[in-house]
Structure formats: structure tokens, C-alpha cells
Amino acid sequence: MDKYNHKKTEAKWPDSAKASTGKQKEYDHSVVEAKWQAKWAKEQIYKTPGTGEKKRYVLDMFPYPSGASMHVGHLEGYVGTDILSRYFRMKGHSVLHPMGWDAFGLPAENYAIKTGIHPDKSTHENIKTFRRQLEISGMSYDWDKEIDTSSPEFYKWTQWIFIQLFKAGLAYKKKSPVNWCPKDETVLANEQVVEGKCERCDTEVIQKDMDQWFFKITAYADRLISGLEKIDWEDEVKRQQINWIGRKEGINIRYKVVGSDKEIEVFTTAPVNFGMTFLVLSPEHKLLKELKLPKAYQESVAKYIKEHLSSSSNSTNVANKSNKTKTGVFTGLYVANPINNKEVPVWVSDFVVAGVGTGAVQGCPGHDLNDFEFAQEYKLPIVRVIVGKDGDASEITKKDQVIEHGMEGRFINSDFLNGLDFEEGLQKTMDWFEDKGLGKRTVTYHIRDWLISRQRYWGCPIPMVYCEDDGWQPVPDTDLPVKLPSDVDFLPHGESPIARSETFQKDVVCPICGKQVKREVDTMDTYVDSSWYFMRFCDPKNKNEFASKENIIPVDDYVGGGHVVQHLLFARFFWKFLFDQGLIDKSVGDEPFLKLRAPGWILGPDSRKMSKRWGNVITPDDIIPKFGADTLRVYEMFMGPFDVMKPWSITGVEGIARFLGRVWRLFSTEYKVHSTEENTEVLSKLHQTIKKVGEDVENYKFNTAISSLMELVNTLTEAGSQKSEIRNEVGKTKIENQTSIQTPNISHQTSEVLSALARLMAPFAPHMMEEIWVEVLGMPFSIHASPWPSYDPKLIVQNEVTVVVQINGKVRASMKLESEISKQESEVTKLAKSDPNVTKWLEGQTIKKTIFISGKVINFVI
RNA sequence: GCCUCCGUGGCGGAAUUGGUAUACGCGUACGGUUUAGGACCGUAUUCCGUAAGGAUUAGAGGUUCAAGUCCUCUCGGAGGCACCA
């Protein structure tokens, strides 16, 4: 603990500048940062330009303003997008960089239950804290575009979009088994159930039959997969989305139950029907109630069903059962396999899940691992119909002999399929069933329709009324928004607290017949708000539309973590829907987030996740008063790659503070480059850095951008100190005494270098660079509105390069050569052979081969 | 169980298409400066060795003139999916 209690010790910062010379102007970050933050706000320099050729939308996933304030980990993504925004503004783009609040949500309501403080009040207090923390961090948000999902101006349009979905047949109310969290007393979407538990409170989720609102996201399943090809996201995230959607092509086959007129339909992706030896129904299967079982089996089957009826039949996120041995029971029934006219037994087992496919599976144990395990457990026959690439055609008795779909193989023991390739044979089998009218090719999905009803208060009211004559009707546009009532008690009673509001149901009439009706009392999942907020940012004050068509643009750079499946999938669904409705311009495309990056977590100094529990939470308020926002920003970006986890280090922060101190002194000390040689070296370094920083920023490689800036600063400092040494000898003057920045005296040549350096650093350390720009370099306000430096490719080329001499691949010497010479093999060979280190190794040897890599390496093989 | 990504000094981490491994920063040591300092400046710092030299990117093999980078296996870590038919 003591190592990290920097809060307690009075920091000695920021008096570094004053220390080295009594005359130098001090850099007091608290004064400078406050000064420029006020000026930037007053001059509105971050206002989104109304017009502009090169529009660029840079967005953070907006935060939920929780009671705990922001910590330095939250800031990482915000600093990244801030650097991008500042960089693109300097590059001449019209940047839209807004911020807002995902203000509805359960924690505020739970807090209200505990304390009696209204969610509206606590949420807005939290927003104030969050906004202040962002402002003192020097963020360049256009605050004119700020939005708050809990404001009626915003949720009016959430409701309006709901109604559009309803009118398009994509919002519907249906009674179905749903995930119910007994602690939060609300239903949850499948996406919000993690390992059978509530995502928020970790309570075991139970199943309940309830009448709920759904959005038909399944209608977009295919497009949600195919659209991923067009966008720049991490492959990992794309894969997770594809996985969640879970598209599978296969066939539904109907089997006649022997001695009955009933049929059982199974879904399979791999109909290896000559290897089918049984059929399995899930315990929930409807037919089990309809079929007449032989007496001898009735009792055991009923008992099995009772014991193994899944507690969460609808959810595919059921509790972990996969490691258990499979159980099951024979029903006494048989079905006929038409392809070989064999009868196979029908079993019941809970390894077959009701919600997947048809809830019934054909058992082909030779070629499916689950079927194999089941067959082994109950001594059911195992027939081999595929030979894999190992050529083994013997009886299958071991797990690793099972050749599954997707592996290489050829058919055997399968009549007309014999000799066919695995995949080809499956297609032939499907053709056979389709021809006979016994089956039909189908596509199944893992994704379910999105359940959006919540029995909670602090959310957007669902704008629907129920009329006994006309059914569910949307509230007319002119009556929107349906305002959230304030006269409620928050204690949950298994229904929405709004149900107990006296004002909410007052004078509500059916828009069709005018009869007195009741409003829907449930609210929407907060993911509905976040599914379209980024569109509202394009036109946040529009009173007539959710956002006008000409203003909506997709997000170019979207930064945020988590929510990989939920938010990103839901938001893409909304965008595609509104796009299809013609409410988004066709030219901008049907994907909302063109590039997506997730910042890695910042861990505590103890390498544990920051949390109150470990006492390792560090907030911007712990750092900024002592080190300044610039130090915090540069440190967070320098820590490591943007997208990986990394631990906080207070000595690392101090290192950055030292670096910025060096930068300040570099500018505030008279600096000149004298000889031509140093001059070109410095210029070459500068132009290399301009190129590298630009490229790195665009690729989110902020850590290496900063290290190259450090190298440039080191080069400049060295060049400066060489000059000072000369003066020391000649003029016998001490460096410290000769400088003062009161009247900057900077040569033309130098100011070009320094002006470029200041601009390169401006996105990272905006306050100090503004101070340097205006007060030291005497340039007009603001550095953040000045153009990004451009580089000259000719100046990047170094005139001296190092060529390495290898013997058998081992480095034996290196030579500094002029660039031109380093490209000539004969010249380099001659020079290399004359190097004493090389001759020593080559003595008495014959060179078998020489490999020459122009300008880099010459390798002699002996 | 399956899939994906990752493993580089005391630490965080750099390294175009295979072409000087350890950039940059932290820490440490010594020296300087200062009334003093946890500030600032300088030098050193992968390991072994006085040196010449040798070893080194989790471990073991392989391809290559040349491997942190490509291939195979093993170990370790992170994440995702998890009876998906």
C-alpha cells in the first residue's frame, strides 16, 4: 500500500522548471490548464463545423454515469479518441466528437430503493461529476451536442423508433418463457444471462412464462453476419458476433413413428442416415405428451422427464451440464429410417436442448461425439459410414475414431453414397429426402428475438396502449413522449413500479375507437437507448425528427470495451432497420460503426482489476492536481498498446512528468542548431517523426507515437547541449545563466523545428502545447486550429546508413556507409572484406556464397 | 472439451515483406549540480566473462545464407463458446 499512497505525500511537482534555472519561467500546470480550458470553451474551438468536405465522426461508447466516479481506466478510451479528434481537426477534417450519457438503468433505481433518492436526481449528480472529470482532462468534446437518454427530448424519439418497429411488424408482444431475475425482479434478454446467472447481480436466473415485448432481430440475422465483411473491426469481435448469431445450414427430416400416425421432426447439419441408430427427444418435447407410450415405459419416461425438465428451457445459456455423463431413457417407441427401412429406438435425454433446432436429434454415433457418448452409455449400436483420412474402416469403439462433420472423409456402408466425399454425400442425402418430400433444407440460428420489456421504473416507457377492441395500439406521434411518471414508489413487486402510478393511466384513450384504455407499464431495456444514441449526436436538437437524413453519418472511429455481443449487435440492427425505412441516406451504407477498437483495461498498481474491494482505484482527481492532465494523458497513452491490459505505475507517471518538463525546458531555453551537419540530422529526425506520429495515431499506436516524440526531443536536446558545450569552452559561460524565455530569441530555422514539434505533441498534451504555441513561440491562438505538419520524403532519407557484415549469419562487424555506396554490392563487398574484424574471421576460409541485402546486410557463407 | 489470441531484460514494452533483438520509458548504480531535495544534468545497465568471445525472445525440434517473426510438438497465460444436433 505504502508504495502507492502518493495521495498523502505532498507532491513536489510541478516545480521542475524553476529548479534548473532561477530565471526560467515556471510551468504551473494547474494555472495553465485552467487558463486554456476556459479559453477553449469561450472560443468554442471544438464546435463541430457545420459544413466540410472531409467529415469524420469519432465516438466513445457513452458512459453510464454510475455513483462511483470515473477512474483512470475509463479515461483511456476517451484520451485515445480525443487524440484522434485533435489530429483529424489539424488534418483539416470536420470532426464530430460528442459526449453524452446513458442515463437510464438499474443501478440508479436500486440506489433509489435503498436511499429514497430519486434516480433522476442521483443520475444528474453523477453526470455532473463525470462531465467535470472529462473537462479537467482536457477533452475536446463539442458539448453543444451533449445528450441524456433519460430526458424526454431524447426518449421521445426512442419511443418513436419503437413505434416504427411496431408498424413494420418488427416489435411484437408475446407470451413465452423468459429469463427472470428474482433479485432484480425483472426479465432479462438472453444476452444478459451469463452462465445461467443475471449479468448484473449474479443471481441464478429462472424461467417464467410472461407476456413481453420483443424486437424481431432474427429477421436481420443474415445481414448482421454479411455486413461484418465491410467493416474494420478486430476479427475476434467479428467472430464473437458470428458465433452469437450462430447460423447453421442443415435439413429438417420427418420420421414416422412406428404404429402411430405421428411424425417426429429432427434438425441436422450432417444427415449420415445410414449410420443412424437411434433418435433422441428433449424432455420438453411436445410430442411426449401426445404420443402413446407402451405401458412398460410410461412410468420411467415420466419420471425422467420430471427430473430432467430443464429449469431454463428457453435460454441457450443454460447452466453447465456438458461435463456430466449423459443420461436418458428409452420410450419403447421406434421410428422408421426411410433411407434403409430400418427401425430405430426413440429415447429421451436432456443432452438434447428444446430451444435448439426442433428439439429432437437423430443419433448417428459413429460421426458425432455427443451421439457417440450417448450410444456408449446405453450400449446402442454404432455404425461406421465414413472413413477418415487415416483410412481406418474398423468398428468405432473409441472417441478418437469418430469422424465428425467438417473432417475429411468418404462414405462407406451407405448404398448409393459409397465412395462419395463426406460433404458431397451429405448434400446427396438431403436431395434424397427433399425429393421424397420427407425433409426440407433449413437454416437455424442461435440468436433469438430481442426481449426488451423490463418491469422496472428507470427506463423509457413503452409507448403502447391496449384496447380490448383494437388490441395493442401505438400512442399517436402527437402525444409523444409518453412521460415517465414521478409519483411512484420504487420498491419492486414483480411488476413495473409504474403500474402503481396514479397519474400514468389518467385519461388514456384508444387512438382507434376513443375508448378508455390502459398504457403499457413496462419500460424498455436500456440497450434500446444505446442502439441509436450515436445517430442523435448527428442532430441532437432536432425537434421534428430523431435526426435528419442529411445529418446522419456512420461513426468512423468507435472506441469502447465490452458489450461486444449486445450493444454492437443491437445498434447494427437499429441502423439497418432505419436504413431500410429510408431514414438514413443510402450513400452512407448500412453499417453504423466503420472502425471499432476496444481499449484494454488499466489494472491497479497491484496488477488486479481496479475495484473498491482491493483499494486500488485511481481516479483522474488523484492525478491531475499533482501532475496535470497532460501528464495523465501522455502517460495513459504511453503505458503500452492501446488494446491490451496494463498495470498502473506511479513511477511511470513521474517519468512522463519528467519528459514534459524536458519538453518545456527545450522550448523555454534558447535553442539553436549551428552547423549544417547537425542541421540535416535534426531535420531528418523531425521528418521521420512527423511521418511516424501521423501513421501511428491513425493506427491507434499511441505508445510508439510518444516514444518517437521522446526520441525527437532527445535529439533536439542533444543538438542543443552540443552547442552549449562549445560556448562553455569559448565563452566560459554557464548554460543556465544565458537563457531566459522572457523574450524568446529563436532563429528562423529552429522555430520551424520547434513549431512542428509543438504541433505534433498538441493532441497528446494540449494545454502545455497551447501555452508554448501562444506564449513561447508567439503564434496566434490556437495550436489546435493550426495545420498538422507535413513531412518531406526527401528529408527522411538518411545520408548515412549502417550496413551489417555477417559471417554464416552471425554479426561480425558493422560499417557506416553513405547511402549511395550501401546499395552497391561490389563496393560493400570490398569494404566489408577490408574490415579487420572481418578479415580475422575470413582468414584461410573460402566464401561459398555471398548474400547482399541492399543498404542493410552482407552475409558471407563459409 | 472445442476455438482464438498471446509468452521478449529487474518492470511496462519496441522491432515493414524473415535481415543489427532489447527502441522509448521505469527501476537500479555511480558521478555532477544544488543551501537542501524525492527535483535537475551526465554515464552505465539482457546474461556469463577482466577480455577475446559466448549465450539469449517460455521449452524442444524443423525450414532458411539468415527466425522474436514461418512450420510441428510441449508447457504456461488471457479471452470466447460450451451437450448447437
Side-chain angles (χ1 to χ4, degrees), chain A residues 9-21 195 234-237 239-240 243-244 246 248 250 266-271 280 282 316-318 320-324 326 349-353 355-364 368-371 373-374 399 404-405 444-446 564-565 635 638-641 644-659 661-662 665 701 703-711 713-714 717 721 734-736 802-811 813-814 840 848-862:
Chain A
T9 44
E10 254 321 299
K12 295 286 183 273
W13 306 90
D15 50 13
S16 56
K18 107 181 135 186
S20 60
T21 98
E195 287 175 6
E234 307 274 358
D235 287 342
E236 175 67 18
V237 178
R239 236 197 53 239
Q240 282 179 41
N243 230 318
W244 184 261
K248 279 187 208 80
V266 304
F267 172 75
T268 178
T269 55
V280 191
S282 66
T316 49
N317 276 316
V318 290
N320 186 352
K321 297 190 283 179
S322 59
N323 296 331
K324 286 191 216 154
K326 291 186 169 49
S349 171
D350 67 351
F351 92 81
V352 177
V353 179
V356 179
T358 60
V361 166
Q362 55 180 55
C364 307
D368 179 279
L369 278 174
N370 286 310
D371 295 351
E373 283 176 15
F374 191 72
K399 212 172 157 183
E404 283 197 295
H405 184 209
T444 65
Y445 299 91
H446 171 263
V564 162
V565 169
Y635 173 65
F638 184 66
M639 288 172 83
V644 308
M645 251 188 230
K646 43 216 172 260
W648 185 263
S649 148
I650 195 64
T651 53
V653 177
E654 285 164 358
I656 295 300
R658 271 200 289 277
F659 166 63
R662 282 199 295 277
R665 262 172 279 121
K701 290 167 80 176
N703 56 331
T704 51
I706 292 166
S707 72
S708 68
L709 285 166
M710 287 171 169
E711 287 183 51
V713 168
N714 290 346
T717 312
S721 72
K734 286 197 169 182
I735 320 160
E736 289 81 4
T802 306
V803 175
V804 168
V805 186
Q806 296 181 336
I807 290 158
N808 285 345
K810 288 206 182 248
V811 180
S814 69
K840 189 175 84 185
K848 289 184 196 137
K849 201 172 168 187
T850 303
I851 285 110
F852 176 67
I853 309 296
S854 176
K856 277 184 175 161
V857 171
I858 183 146
N859 187 9
F860 298 115
V861 184
I862 54 174

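Each chain gets a letter, A, B and so on, in the order the sequences are listed, and its residues count up from 1. Here the structure is a predicted model, which means the values were calculated and not measured. Heavy atoms only: backbone and side chains are in, while hydrogens, waters and symmetry mates are out.
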- Note on the structure: Tightest non-hydrogen contact, residues Ser282(A) and Val352(A), listed as CB-O, 3.1 Å
Choosing from [options], which nucleotide comes nearest the side chain of [X]?
X         : options                : value
Arg239(A) : C24(B), C3(B), U17(B)  : C3(B)
Lys840(A) : A52(B), G27(B), G25(B) : A52(B)
Lys701(A) : G12(B), G19(B), A15(B) : A15(B)
Phe351(A) : G27(B), C83(B), C24(B) : C83(B)
Gln240(A) : G80(B), A85(B), G19(B) : G80(B)
Pro641(A) : A85(B), G13(B), G19(B) : G13(B)
Asp350(A) : C84(B), C24(B), C83(B) : C83(B)

Taking a pair as Watson-Crick or G-U wobble with both distances under 3.5 Å, which nucleotide is matched to [N]?
N      : result
C5(B)  : G77(B)
U69(B) : none
U56(B) : none
U16(B) : none
C30(B) : G42(B)
U50(B) : none
C83(B) : none
A23(B) : none

Between [N] atom [atom2] and [X] atom [atom1], what is the distance in whole Å?
X         : N      : atom1 : atom2 : result
Lys399(A) : C2(B)  : NZ    : C1'   : 10 Å
Glu236(A) : C81(B) : CD    : P     : 10 Å
Asp235(A) : C3(B)  : CG    : C1'   : 14 Å
Asn859(A) : C65(B) : CG    : C1'   : 5 Å
Lys849(A) : U64(B) : NZ    : C1'   : 9 Å
Lys646(A) : G25(B) : NZ    : C1'   : 15 Å
Ile656(A) : C11(B) : CD1   : P     : 20 Å
Phe852(A) : A66(B) : CZ    : C1'   : 15 Å

Using the [atom1] atom as the point on both nucleotides, what is the distance between [M] and [N], in whole Å?
N      : M      : atom1 : answer
A67(B) : G62(B) : C1'   : 11 Å
A51(B) : U45(B) : P     : 12 Å
A21(B) : G54(B) : P     : 13 Å
G12(B) : G7(B)  : P     : 13 Å
U33(B) : G42(B) : C1'   : 10 Å
A14(B) : U69(B) : C1'   : 14 Å
G68(B) : U8(B)  : C1'   : 7 Å
U57(B) : G49(B) : C1'   : 22 Å

- Message: Would you call the rings of Trp244(A) and His446(A) parallel, tilted or perpendicular, taking 30° and 60° as the class edges?
- Response: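 Plane angle over 60°, so perpendicular.
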Have a look at [X] and say if it touches a base, only the backbone sugar-phosphate, or nothing, with a 4.0 Å heavy-atom cut-off.
X         : answer
Thr704(A) : sugar-phosphate
Lys810(A) : sugar-phosphate
Asn703(A) : sugar-phosphate
Gly246(A) : nothing

- Note on the structure: Of Met639(A) and Asn370(A), the one whose closest nucleotide on RNA chain B sits nearer the 5' end is Met639(A)
- Message: Walk me through whether Asn370(A) and Lys326(A) qualify under side-chain contact (heavy atoms from CB on, under 4.5 Å).
- Response: CA-CA 9 Å; Asn370(A) 286 310; Lys326(A) 291 186 169 49; 3.3 Å; yes
- Message: Contact between Val857(A) and Ile851(A) at the side-chain level, heavy atoms closer than 4.5 Å - yes or no?
- Response: no
- Any side-chain heavy-atom pair of Thr269(A) and His405(A) under 4.5 Å: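 Result yes, sub-4.5 Å side-chain heavy-atom pair found.
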- Message: Taking atom types as they are modelled, would you say the side chain of Lys326(A) forms a donor-acceptor pair with the base of C83(B) within the 3.5 Å cutoff?
- Response: yes
- Can you check G9(B) for me, syn or anti if syn means within 90° of 0?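 Syn conformation here, the glycosidic angle of G9(B) being no more than 90° from 0.
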Euclidean distance, [Y] [atom2] relative to [X] [atom1], rounded to 0.5 Å:
X         : Y         : atom1 : atom2 : value
Glu373(A) : Phe351(A) : CD    : CZ    : 9.0 Å
Phe659(A) : Tyr635(A) : CZ    : OH    : 15.0 Å
Ile656(A) : Met639(A) : CD1   : CE    : 10.5 Å

- Message: Just N and O in the side chain of Arg658(A): are any of them under 4.0 Å from OP1 or OP2 of G38(B)?
- Response: no
- Message: Taking 4.0 Å as the cut-off, does a side-chain nitrogen or oxygen of His446(A) come that near to OP1 or OP2 on A82(B)?
- Response: yes
